[in-house]
Each structure stands twice: as structure tokens, then as C-alpha cells.
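One-based numbering along the sequence shown. Treat the numbers as computed from the prediction; the structure is a model and nothing was measured. For ligands, and for the atoms within them, numbers begin at 1 and follow the listed sequence.
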Amino acid sequence: MPDEPVFHGAPFLKSLNKGLYEPAGSRSLGESTERSSKHNRAVTAEVPQFQEWRRAANAIKAYTVRNLDKLLVEFERNLTARGVEVLWAADAEEANRHVIDIARRNGVTSVVKGKSMVSEEMELNHHFEAAGIRAVETDLGEYIVQLAGQRPTHIVTPALHLSAEDVGRLFAEKLGEPFSAEHQHLTHVARRHLRNEYLKAEMGMSGVNFGLADTGTLVIVENEGNSGLSCSTPPVHVALMGIEKLLPRIEHLPVFLNLLGRSGTGQKLTTYTHFIQGAAPGRKLYVVIIDNGRSQVLRDSAAHMALYCIRCGACLNACPVYRRAGGWAYGWVYPGPIGAVLVPHLVGLDQAGKLPFASSLCGACGEVCPVKIDIPHQLVHLRHRAVNEPSPMRSWTERLTWTLWSWAMRGPLRYRTAMAAVRLGVRLAPYLPWHPGKLGAWTRARALPKVPGPAFRTWWRRKG
Ligand code: SF4
């Protein structure tokens with residue numbers, strides 16, 4: 001089984017190489033992403049109005065992001081009117097403080113968690129552990145990676161890198177169950193163990209897929225029923241929501257429900273859609289609304305689209321880089337193309353400035369995105385900023401390289417001279433005493449390419 005991944009700002013290339021050296025993990029990942037992409041293509045092809053839905057979703061999200069300040073206030077007002085306690089968190093630290101404080105106020109010692117990427121972003125489980133509170137993930141994939149002591153590799157299917165055999169061995173080791181690689185058996189084992197956790201827990205946590213501003217409704221979609229149980233079985237429910245998860249009105253929801261299931265898991269609709277409108281009698285509901293870097297995106301008008309994301313994961317499945325490298329390679333909670341766009345905004349280019357370069361710009365991500373986020377252009381925009389903004393991550397050698405590159409690209413003579421120098425350099429490199437392996441990660445992991453025959457212009461000239 002792959003080792004514990006390196007997180008928080010691991011340089012992309014270093015982690016990427018680590019991912020590539022895990023053949024079993026890579027195979028599971030490649031097969032699963034291909035399968036998801038196929039489902040996605042099949043269910044979207046059967047809907048003639050799919051492109052219309054995408055345009056509508058894009059327009060609704062654009063409106064929402066433009067009016068986020070007003071909509072958030074409306075959402076809070078409607079939640080409060082329903083007896084919900086709303087807490088605002090500027091960053092992950094404040095959000096964690098709120099959650100631990102709620103747990104302490106309610107005498108909580110045990111928590112069940114439905115799937116929430118925001119809680120991953122906050123590293124909430126570590127904070128629960130430090131506070132002496134037992135927290136158990138209840139989404140099957142999250143439960144598996146939690147048992148394995150790992151991090152999710154995918155935003156929708158967290159244990160995508162593990163085969164059924166891996167999970168069977170894990171359940172045998174951690175839960176004392178007889179080994180089996182049969183899917184249904186494994187699901188039953190997890191269900192049996194998790195059922196006890198629901199009965200013990202004093203608090204349930206969930207994410208929020210959509211918050212409806214006009215009614216203060218929380219909409220949670222899922223396939224396993226675990227989020228519904230996490231919200232409704234324990235007496236206290238805490239929902240974590242990023243500020244961008246709003247929709248203005250309930251009429252806007254159907255198009256997103258149609259898109260999310262199809263793009264996420266290739267289903268026409270996810271199995272469960274929960275609508276939560278306030279706490280049931282005798283129970284408590286808290287909603288923690290989290291910024292954690294999202295309002296930074298609002299400052300850059302060319303980057304607003306990053307906030308349209310509904311976390312369907314389709315761009316990950318379609319991305320050739322993600323398919324080869326896996327989620328850990330990105331070093332942050334959000335991997336794949338949307339991670340390469342979102343994370344530099346959330347944590348700053350100084351920490352994640354290499355991520356926008358983790359793309360071949362083939363455009364597959366933009367083509368599948370159900371809300372029409374122009375991911376390739378977002379990546380180019382971030383690359384431009386990463387190269388032009390001063391950043392402690394950029395060494396003098398990198399700055400010199402890009403300065404020379406930009407100089408060489410500014411005239412045909414300079415370009416030809418630079419290309420001749422590169423060709424000569426690549427020819428000589430194998431004879432240099434400090435090669436191979438001393439030129440960084442790329443030369444350690446792969447051989448230098450053979451220099452091809454004459455350049456096209458030279459060939460053309462010779463041919464007359
Ligand atoms: S960027 Fe688009 S395709 Fe990728 S996860 Fe977000 S909504 Fe899905």
C-alpha cells in the first residue's frame with residue numbers, strides 16, 4: 001500500500017515522482033478515472049440540452065459570485081430565522097475553533113462525519129484528536145483512507161488509488177475481519193462497524209453542496225446515506241460550508257442537481273438529496289461559513305470562475321496529468337486541474353505557485369466542466385502571475401532562465417540563436433561530469449531526449 005503522502009506545499013515535481021513510482025496505485029487510479037470519464041461521457045451524451053444546462057449553471061454562478069456579499073447576508077438571515085446558529089470563519093483556524101467550541105459546549109466526545117472537503121481543508125480531524133474527541137469518517141472512501149492513515153486522492157472518490165485487495169487487507173489488519181476482496185462484503189463490513197459509531201456519536205458533521213439564500217436551506221447530495229445519518233442521528237449537527245456554495249434561489253437548484261450527478265459519478269441523479277431547513281425539535285444545528293482564502297479570488301476579477309466549482313471531480317478524471325500522478329502529487333487537499341487553479345488562490349502563489357504548471361493545457365478539463373469553468377485559461381492566468389509576481393519560491397536560477405527565455409523569444413535571430421544553443425547543450429549534457437541526476441528531479445526520473453535531426457527551418461533551407 002502506498003505510504004503516507006507528503007502534504008502542505010510539497011514541491012510538485014518531488015511529489016509527482018513519488019506518485020509515479022507506485023505502480024499498483026497508478027493502475028487503480030488510471031482504471032478508475034477512465035471508467036468515471038466513460039460514464040460521464042455516456043450520461044451527458046444522452047441529454048440534448050446538456051450544453052444549455054452548462055451555460056445556465058455558468059450564468060447562475062457568475063451572478064452568485066458577483067452578488068456574494070448580499071446573498072450571504074440573506075442566507076444568514078434566513079438560517080437564523082429558522083433557529084440555526086451561524087458562525088463565520090475567516091480562515092481554517094477560526095473554523096476549527098468554532099467546531100471544537102461547539103463540541104465542548106455540548107459535551108461531545110464522539111463525532112461522526114459525512115464527506116466534507118472543507119473539513120479536509122481545515123485538517124479538522126487533527127484538531128478533534130488534539131481536543132480528545134473521537135471523529136470517525138462515515139463516507140466509505142473517507143473511512144478507508146482514515147483507517148489507512150492516508151489522505152484522499154480524489155475529491156469525490158477518496159480511496160480511488162486503492163484496489164479491493166488493498167481494502168480487504170486493511171479491514172483484516174485494522175478491524176480484525178477475515179480477508180475478502182469482494183466489494184459487497186467489504187461494504188457490509190464497513191456498514192456494520194459504522195452503525196455502532198452513529199449510535200455512540202453526540203455530534204454529526206457534514207459539508208454543504210448548495211446553500212439556498214432565499215430560504216436558508218442546506219442541500220446535501222450523496223450516494224451512501226451516511227451524510228443523512230450523520231446529520232440526523234446525533235443530537236447536534238454542524239454543517240461546514242465555503243462561502244461560494246450559495247445559490248440565490250431554489251429555482252436555480254435543479255440544473256445543478258442534474259449536472260452534479262452526471263459529471264461526478266456518471267449518475268443521472270445522486271441517490272440522496274437532503275434538504276435541511278433548520279433543526280428538528282429538540283436538536284441543534286450550527287452552520288459554519290468559511291472563507292479561508294476564497295475572498296482573495298474575488299479580488300482578481302480574471303479568477304472569479306474558480307469559485308463556480310461544484311466539486312464534481314470530472315476535471316480530475318479527464319486530466320492526463322492527474323491520471324498519471326494521482327492526487328497526493330499536488331500536495332494539497334484539492335488536486336487535479338481545479339486544485340491547480342484553486343489552491344494558489346487559497347494559500348498564495350508563494351506556496352503553491354508551481355501547481356498551475358502541472359498541466360499540459362490539453363483542454364480536457366475545460367471541456368468536461370459542468371459549470372463551464374475555463375480551467376486552461378485560468379491556469380495560464382495563474383502562470384502569468386506566478387512568473388511576474390515576486391515570490392520567495394522562485395530561485396535566482398529560475399528567474400534568470402525565464403528572463404533569458406523571454407529575451408530569446410523576442411526576435412527571429414535571437415530565437416534561432418537560442419535554439420542552436422539548446423540543441424548544442426542537450427548534445428553535450430551527457431558528457432558533463434555532474435550528469436546524470438544532478439540537474440534536478442527531471443533528470444533523475446528520466447533520460448534526456450535524443451536531439452532530433454535538423455530544425456525545420458534548416459531542413460527547409462537545405463531543401464531549397
Ligand atoms: S472545476 Fe468543474 S469539472 Fe472540476 S471539479 Fe469543479 S465543477 Fe467539476
Side-chain angles (χ1 to χ4, degrees), residues 32-34 36-41 43-44 50-51 53-62 64-65 115-118 120-121 141 152-158 160 207-210 219 221-222 241-247 252-253 255-267 270 294 297 302-323 325-327 330 332-346 355-356 358-382:
S32 308
T33 46
E34 178 52 35
S36 300
S37 282
K38 250 194 209 151
H39 285 157
N40 171 246
R41 283 195 298 273
V43 292
T44 52
F50 194 75
Q51 297 308 324
W53 288 351
R54 290 177 77 208
R55 280 194 290 277
N58 181 282
I60 295 166
K61 277 289 180 185
T64 307
V65 170
K115 194 166 184 325
S116 158
M117 288 312 292
V118 172
E120 295 288 337
E121 207 179 307
T153 40
H154 191 285
I155 59 176
V156 175
T157 40
L160 195 67
V208 176
N209 292 91
F210 305 101
V219 183
V221 296
E222 55 152 343
M241 179 180 143
I243 56 170
E244 82 286 16
K245 290 296 180 80
L246 276 189
L247 290 180
H252 296 136
L253 182 65
V255 72
F256 287 93
L257 294 182
N258 272 308
L259 289 168
L260 182 57
R262 284 182 162 82
S263 300
T265 43
Q267 294 166 279
T270 36
R294 287 160 176 80
V297 183
H304 280 185
M305 272 193 184
L307 294 180
Y308 298 4
C309 176
I310 55 172
R311 311 283 191 269
C312 72
C315 58
L316 280 67
N317 299 334
C319 174
V321 176
Y322 174 85
R323 283 182 178 195
Y330 294 77
W332 298 91
V333 172
Y334 299 107
I338 189 57
V341 170
L342 206 53
V343 174
H345 288 297
L346 300 187
L355 287 183
S359 167
S360 65
L361 296 181
C362 68
C365 49
E367 270 175 32
V368 295
C369 177
V371 284
K372 279 181 90 63
I373 301 177
D374 189 351
I375 302 174
H377 280 100
Q378 293 287 314
L379 290 168
V380 172
H381 172 66
L382 281 167

Could you tell me which atoms of ligand 1, counted from 1 in the order shown, lie closer than 4.0 angstrom to a heavy atom of I373? 1 (S)

A side-chain contact here means heavy atoms from C-beta on lying under 4.5 Å apart; do W332 and L342 qualify? no

Shortest protein contact, atom 4 (Fe) of ligand 1 (heavy atom only): C315 SG, 2.3 Å

Show me which atoms of ligand 1 lie under 4.0 Å from any heavy atom of I375. 1 (S)

Hey, are R323 and S37 close enough side-chain-wise for a donor-acceptor pair under 3.5 Å? yes

Crowded around H39 NE2? As in, over 12 foreign heavy atoms under 6.0 Å? no

Specify whether an N/O/S atom of C309 falls short of 2.8 Å from atom 6 (Fe) of ligand 1. yes

Give the contacting part of I310 toward ligand 1: side chain, backbone, both or neither, where contact means a heavy-atom distance below 4.0 Å. both

Would you call the rings of F210 and F256 parallel, tilted or perpendicular, taking 30° and 60° as the class edges? tilted

Hey, does D374 have a side-chain heavy atom less than 4.5 Å from the side chain of M305? yes

Please test E120 against Y334 for side chain to side chain donor-acceptor pair (under 3.5 Å), starting from the C-alpha separation and ending with a verdict. CA-CA 9 Å; E120 295 288 337; Y334 299 107; over 6 Å; no

Only heavy atoms count here, so choose which of C319, C369, C365 is nearest to atom 2 (Fe) of ligand 1. C369

Does ligand 1 have any atom that is closer than 4.0 Å to a heavy atom of G313? yes

Can you list the atoms of ligand 1 that are under 4.0 Å from a heavy atom of P370? 2 (Fe), 3 (S), 7 (S), 8 (Fe)

Set out, in order, the CA-CA distance, both residues' side-chain angles and the distance that settles side chain to side chain contact (heavy atoms under 4.5 Å, CB included) for T157 and S32, then state yes or no. CA-CA 9 Å; T157 40; S32 308; over 6 Å; no

Select the closest option to atom 8 (Fe) of ligand 1 among G366, A306, A314, C312, judged by heavy-atom distance. C312

For V341, which part has a heavy atom under 4.0 Å from ligand 1: side chain, backbone, both, or neither? neither

